[in-house]
Each structure stands twice: as structure tokens, then as C-alpha cells.
Amino acid sequence: MPDTVRVRFAPSPTGSFHVGGARTALFNWAFARRHHGTFVLRIEDTDRARSTDAAITQIAEALRWLGLDWDEGPPAPGYRQTERLEIYRAHAERLLAEGRAYRCRCTPATLEALRKEAQARGQTFRYPGTCREADVPASEPHALRLKVPTNGQTVVEDAILGTITFDNDTLDDWILVRTDGTPTYNFCVVVDDVTMKITHAIRGNEHLNNTPKQLACYAALGYAAPVFAHLPLILAPDRSKMSKRHGATTVEEFRDQGIPREAIVNYLVRLGWSHGDQEILSPEEIAAHFDLAHVGKAGAVFDREKLLWLSLEWIKRMPPERLAAELEPFLARAGLPVPADRAHLARIADSLKERSHTFVEMAEQAAFYFRPPPAYDPQATAKFWTAEAPHRYAVLIKRIQAQEAFDAASLEGLYRGLAAE
RNA sequence: GGCCCCAUCGUCUAGAGGCCCAGGACACGGCCCUCUCAAGGCUGAAACACGGGUUCGAAUCCCGUUGGGGCCA
């Protein structure tokens with residue numbers, strides 16, 4: 001293992017920031033921290049049509065909120081692919097000059113015809129290398145293709161999955177630069193990882209099939225490839241890859257639901273990684289213990305119930321002041337008054353922490369501290385405020401009955417007294 | 001369809017040949033605590049996909065089958 005670990009998280013800013021991305025970021029962050037290495041944030045925004053600045057902001061905010069601080073990356077310049085076009089161009093030209101890549105003038109129509117032909121024969125389409133020796137002049141419209149070995153095998157040594165072998169005859173001369181001059185995803189990734197001196201590419205399993213292609217590019221460029229580690233996917237309850245259509249899955253949504261960051265980080269890290277039987281892990285413990293050796297190979301189903309349990313566990317562990325600070329915005333959102341007296345709010349929050357899976361729940365339960373029953377009616381009270389009511393309501397009612405005091409002033413006194421306990 | 005990956009309780013997982021007639025956690029059931037609901041404690045049910053090997057011995061290694069998934073199309 002290189003002395004200086006450098007890893008990166010490279011999201012495409014094309015939509016909301018999902019748990020899958022968050023977990024990839026988390027594993028990279030944890031690996032970097034564990035090895036006292038560098039965690040780089042890189043924005044893969046070459047898909048200009050779908051990339052937005054709003055999405056970049058959203059990703060950055062979510063990462064910060066989760067506590068996944070990056071050592072290099074935006075807002076510093078040079079970490080967005082659209083700022084790096086010159087670098088890709090230079091590498092492409094070098095590959096061309098060194099005969100590792102060639103110009104291809106095959107039109108989309110030609111390729112489409114070949115594809116259909118292959119399909120008709122029940123074969124997978126692979127570019128046949130028509131232009132490989134054609135020496136297409138630069139004056140003609142052309143794409144740039146990489147010369148990929150046509151025989152032999154490409155072996156990927158994956159830190160999680162082990163040795164994976166691909167037959168080279170299943171690969172083809174893939175496009176590095178499109179006819180319109182834009183570099184392709186696989187090319188950018190390789191050039192970026194090389195120029196950013198990435199030592200470990202820790203990424204989602206969906207990229208595994210890109211790896212042999214990329215390896216060919218590293219070889220052509222004359223660089224050593226990083227260590228690859230492909231993370232198992234996060235699955236929806238139906239065992240398909242988790243996506244938007246499976247409901248609340250963005251980091252922002254979880255935050256809005258009042259789940260503490262520690263719970264999300266804890267839950268996500270346990271989805272695929274384990275540290276013996278330990279279920280509760282703080283960010284510090286994760287940073288101290290994380291290792292690729294204990295990352296599982298199989299996909300993991302996302303289980304909201306367990307997330308909520310961890311949320312409760314982390315809420316229970318929070319000091320009252322922190323609880324008060326976290327609860328405050330949720331009180332406001334619930335239309336409840338936020339007590340000016342912070343100590344008072346802290347006592348209220350502390351009294352509710354064992355029965356709140358989220359801060360949204362806590363705010364709901366805090367309501368009775370602020371909303372006295374409009375009028376005391378023994379019958380209605382007996383009917384509505386026993387079985388279903390929160391604990392403190394029952395106590396409150398008892399005291400009201402005992403004191404026969406239910407004018408506004410004494411009610412307020414009772415609330416205060418209870419909140420202070 | 002082609003290529004690749006995966007396979008322990010419903011779910012997340014421990015397990016790197018004997019410590020495992022498989023341990024922990026969530027969820028679920030029961031009991032206890034208790035003025036309610038929680039929290040907490042105890043407890044119950046619940047899994048090594050299947051078939052062949054290898055080995056004195058396999059959840060652990062190999063092969064196959066089945067199932068699931070991903071990518072490409």
C-alpha cells in the first residue's frame with residue numbers, strides 16, 4: 001500500500017444526492033481518514049446538459065452536514081471536469097501521437113447498421129476496428145478511439161471482490177473523444193485519477209464492467225492503475241438497485257425527517273461493512289477502524305426500521321444542549337413556539353429523547369408542553385388523554401385533578417414544573 | 001441476449017477448515033419493570049440456496065445447478 005493514500009468521491013451533479021452516493025463518499029472518507037490520507041472531491045460535470053450548480057451545492061452541503069469533509073476539491077478550481085478539458089485534450093493528443101489511439105470516421109449510421117447486424121446474428125456488437133489502420137486524416141470529422149488488445153485477458157485485482165478476469169475479445173476499441181470533441185466518461189475518469197494521483201478507486205459495483213476498459217487506457221498512457229475496490233450496491237426491498245422511485249432516499253430528506261447525521265453515517269457504514277458485532281459506531285470510531293477487508297461482497301437491502309432505531313440510539317446519547325439545538329428548527333416547522341430559555345428547551349428535549357426516533361417526532365411530542373388543553377374537562381380528559389396520551393399528559397392530568405387547579409396561570413406553572421424535572 | 005458479480009435468520013451481519021447442532025443487531029412474540037407510552041432487562045421463534053467433490057473434519061476450499069443483481073445492448 002502506498003504511503004500516501006489518496007482517494008476521491010466523484011459524483012455527477014445531475015440530480016439529488018442519494019444514499020448510494022453518500023455511502024460511496026463515506027467509505028472513501030473513512031478509508032482516507034483511517035490511513036491519514038487525502039480525500040478528494042471531484043465533480044464529474046461533463047454532461048453539461050444535465051449538470052447543475054444547484055446539484056453541486058446540494059452535494060457539498062450534504063457532505064458537510066454528514067461530516068464527510070474533503071481535503072481537496074471545490075470551491076478550489078480544477079476539480080470540476082469542465083475545467084479540465086485542456087488536460088483531456090493533451091492526453092488524447094499524446095495517445096494519438098504515440099499510436100495508442102486513432103481517428104475513426106465511422107458515422108453513427110454505419111455503426112448502427114453494424115450493431116443491428118450483430119444483433120440479428122445473436123452476437124454482442126463490438127466495434128470491428130474499421131479505421132484502426134485507415135490513417136484517417138485530421139481534416140475529416142472523426143472520433144478518437146483507443147487501441148485495445150484484441151486477445152488475451154485483462155485481470156482486475158479488486159480489493160473487495162478478489163481476482164476478476166475479462167476476456168479481451170469481449171472488449172472493443174472504445175471512444176476516448178467524440179466527434180464533437182468532448183471526452184467520454186471513461187477517458188475522463190482515467191485521466192483525472194492519474195493526474196490527481198489517486199491510489200485507490202473505491203466506487204460502486206456498477207462500474208466494475210468499466211474497469212477492463214479503463215485498465216487498457218492506463219496501460220496506453222503508461223501509468224500504473226490505482227487499486228480498485230468495488231462496493232456492493234444498496235438495494236431496495238425488492239432487491240433491485242435503490243433509486244428515486246423507492247421513496248425517501250436522499251440525504252436531504254433524511255435530514256428533514258429529523259434523523260441525526262451520526263445515525264445516517266452509522267447506518268450507511270454498516271450496510272456492507274462490519275466491525276465484529278459492534279452496531280453503534282461513531283464517526284470517530286469509523287475513521288479509526290474502517291478497512292476494505294471487512295467490506296462484504298453482496299448487495300444490501302436498505303432497511304428504514306434499522307435506520308430509525310439507530311436514530312433513536314443517537315438521540316438518546318446526545319447531551320441536552322445538542323438536543324435543544326437540533327430540535328429548535330423542527331419546533332418552528334411544527335408551528336410551535338421556540339422557548340427563549342435555552343436551558344428550558346434542553347430540559348424539554350431531554351425529557352423526550354427516549355421516545356423520539358427523529359426530531360420530527362420529538363417536536364410532535366413536545367407540543368403538549370406548549371399547548372395546554374383549552375379547558376379542563378374531567379370527562380373528556382379521562383376519555384382522550386389516558387391510553388394514547390404521552391406520559392407527561394397523564395401525570396399532568398393527575399396533578400391537575402389533585403390540585404383542582406386549571407386556570408391558565410397555574411397550568412403554566414405545572415408545565416414549567418414538569419419540564420424542569 | 002452477451003459479459004461480470006453475488007448467495008448465512010424477513011432485513012443488516014459475525015464467521016477467513018475443527019471454538020458453530022452457527023453468534024450479534026433491527027423487526028416480531030412472551031415475561032419483568034411501570035400510573036400510560038416509551039426506554040431498559042430477560043426470553044422465544046427465525047438462516048449456512050441445492051447437488052457433487054476435496055478433507056479425519058466444511059457455513060468456510062473446488063466444480064456444477066438454481067436463484068438474485070449489475071453493466072452493455
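First the proteins, then the strands, lettered A, B, ... as listed; each starts at 1. Just so it is clear, the structure is predicted and the values come from calculations on it, not from any experiment.
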Margin query: Any strand counts, and the cut-off is 3.5 Å on both contacts for Watson-Crick or G-U wobble. Which nucleotide pairs with B:A45?
Written below: none

Item checked: A:F9 vs A:W29, ring pair (Phe, Tyr, Trp, His ring centres under 6.0 Å): CA-CA, chis, key distance, verdict -> CA-CA 8 Å; A:F9 173 57; A:W29 173 87; over 10 Å; no

Check: Does the cation-pi check pass for A:R34 over A:F31, that is, NZ or CZ under 6.0 Å from the six-membered ring centre and within 45° of its axis?
Finding: no

Notebook entry, point to check: C1' atom, B:A27 versus B:G68: distance in rounded Å?
Noted result: 23 Å

Notebook entry, point to check: In the structure shown, which nucleotide is the Watson-Crick or G-U wobble counterpart of B:G64, with both distances under 3.5 Å?
Noted result: B:C50

Notebook entry, point to check: Counting just side-chain N and O atoms, does A:S240 come under 4.0 Å of either OP1 or OP2 of B:G69?
Noted result: no

Margin query: With a 3.5 Å limit on both atom pairs, tell me what B:G1 is paired to, counting Watson-Crick and G-U wobble, or say none.
Written below: B:C72

Notebook entry, point to check: Rounded to the Å, how far apart are A:W309 CH2 and B:G40 P?
Noted result: 9 Å

Notebook entry, point to check: For B:C26, what is the paired nucleotide under Watson-Crick or G-U wobble rules, both distances under 3.5 Å?
Noted result: B:G10

Check: In whole angstroms, how far is the C1' atom of B:C71 from the OH atom of A:Y185?
Finding: 12 Å

Check: In whole angstroms, how far is the C1' atom of B:U11 from the CZ atom of A:R270?
Finding: 12 Å

Margin query: Taking any heavy-atom pair under 4.0 Å as a contact, classify A:G272: base, sugar-phosphate, or nothing.
Written below: sugar-phosphate

Next item on the list: Select one nucleotide: of B:A27, B:A14, B:U13, the one nearest the side-chain heavy atoms of A:D277.
Entry: B:A14

Notebook entry, point to check: Could A:K353 and A:D350 be called an ion pair, given the rule that one side-chain N must be under 4.0 Å from one carboxylate O?
Noted result: yes

Next item on the list: Describe the nucleic acid contact of A:H357 in one word from base, sugar-phosphate, nothing, applying a heavy-atom distance below 4.0 Å.
Entry: nothing

Item checked: Polar pair under 3.5 Å, donor/acceptor by atom type, side chain A:N205, base B:G70 -> no

Note to self: Could you go through A:N186 and A:W174, starting from their C-alpha distance and side-chain angles, then the distance that decides it, and tell me whether this counts as side-chain hydrogen bond (donor to acceptor under 3.5 Å, both in side chains)?
What the structure shows: CA-CA 9 Å; A:N186 281 117; A:W174 53 280; over 6 Å; no

Next item on the list: Give A:Y267 one of three labels, base, sugar-phosphate or nothing, depending on what nucleic acid heavy atoms sit under 4.0 Å from its own.
Entry: nothing

Margin query: Work out how far the P atom of B:G29 is from that of B:A39, and round it to whole angstrom.
Written below: 12 Å

Next item on the list: Between B:U8 and B:A58, how far apart are the C1' atoms? Round to whole Å, please.
Entry: 14 Å

Check: Can you tell me the Watson-Crick or wobble partner of B:G40, both distances under 3.5 angstrom?
Finding: B:C32

Notebook entry, point to check: Minimum heavy-atom separation for A:Y127 to A:C106, with atom names?
Noted result: OH-SG, 3.3 Å

Margin query: Can you tell me the base-pairing partner of B:C56? Count Watson-Crick or G-U wobble geometry only, both distances below 3.5 Å, and say none if there is no partner.
Written below: B:G18

Note to self: Does A:R23 qualify as a cation-pi partner of A:F27, given the criterion of NZ or CZ under 6.0 Å from the six-membered ring centre and within 45 degrees of its axis?
What the structure shows: yes

Item checked: Separation of the P atoms in B:A45 and B:G51, to the nearest angstrom -> 25 Å

Margin query: So A:E279, base contact, sugar-phosphate only, or nothing? Heavy-atom distance under 4.0 Å.
Written below: base

Next item on the list: Report the residue (A:I164 or A:W273) whose heavy-atom-nearest nucleotide on RNA chain B is the more 5′ of the two.
Entry: A:I164

Item checked: Closest to side chain of A:E354, choosing from B:A38, B:C12, B:C4 -> B:A38

Checklist line | Salt bridge A:E61-A:R64, side-chain N to carboxylate O under 4.0 Å | finding: no

Notebook entry, point to check: If the P atom of B:A38 is compared with that of B:G30, how far apart are they to the nearest Å?
Noted result: 12 Å

Margin query: Can you tell me which nucleotide in B:C3, B:U13, B:C6 comes closest to the side chain of A:N209?
Written below: B:C3

Check: Expressed as a whole number of Å, how far does the C1' atom of B:U66 sit from that of B:C32?
Finding: 47 Å

Margin query: Tell me whether the side-chain N/O atoms of A:K316 come closer than 4.0 Å to OP1 or OP2 in B:A38.
Written below: no

Check: Among B:G24, B:C3, B:C5, which nucleotide sits nearest the side chain of A:T170?
Finding: B:C3

Checklist line | Touch class at under 4.0 angstrom, heavy-atom based, for A:R239 against every strand present | finding: sugar-phosphate

Next item on the list: Please measure how far the C1' atom in B:A59 lies from the corresponding atom in B:G17, and state the result in whole Å.
Entry: 10 Å

Next item on the list: On RNA chain B, check which nucleotide each of A:L307 and A:F125 is closest to and give me the residue with the more 5' one.
Entry: A:L307

Note to self: Check this one for me: any side-chain N or O of A:K213 less than 4.0 Å away from OP1 or OP2 of B:C71?
What the structure shows: no

Check: So, is A:H294 close to the B:G15 phosphate, meaning a side-chain N or O under 4.0 Å from OP1 or OP2?
Finding: yes

Item checked: SB check A:D45 A:R84 (cutoff 4.0 Å) -> no

Notebook entry, point to check: Rounded to whole angstroms, how far apart are CD on A:E206 and C1' on B:C6?
Noted result: 15 Å

Note to self: By the 4.0 Å heavy-atom rule, please label A:E313 as base, sugar-phosphate, or nothing.
What the structure shows: sugar-phosphate

Notebook entry, point to check: Looking at the side chain of A:K297, which of B:A25, B:C71, B:C6 is the nearest nucleotide?
Noted result: B:C6

Margin query: Tell me the interatomic distance from A:I160, atom CD1, to B:C4, atom P, rounded to whole angstroms.
Written below: 20 Å

Check: Between atom CG in A:D172 and atom P in B:A73, what is the gap in whole Å?
Finding: 10 Å

Next item on the list: Indicate, with a heavy-atom threshold strictly under 4.0 Å, whether A:K353 touches base, sugar-phosphate, or nothing.
Entry: nothing

Check: Expressed in whole Å, how much space separates the P atoms belonging to B:A47 and B:C21?
Finding: 15 Å

Checklist line | Listed nucleotide nearest any side-chain atom of A:L233, set B:U11, B:G69, B:C3 | finding: B:G69

Margin query: Under the criterion side-chain hydrogen bond (donor to acceptor under 3.5 Å, both in side chains), I'd like the reasoning laid out for A:D173 against A:Y102: C-alpha separation, chi angles, the key distance, then a yes or no.
Written below: CA-CA 9 Å; A:D173 290 347; A:Y102 59 92; 2.7 Å; yes

Check: Whole-Å distance between B:U11 P and A:K306 NZ?
Finding: 13 Å

Next item on the list: In whole angstrom, give the distance that lies between atom CG of A:L215 and atom P of B:C3.
Entry: 20 Å

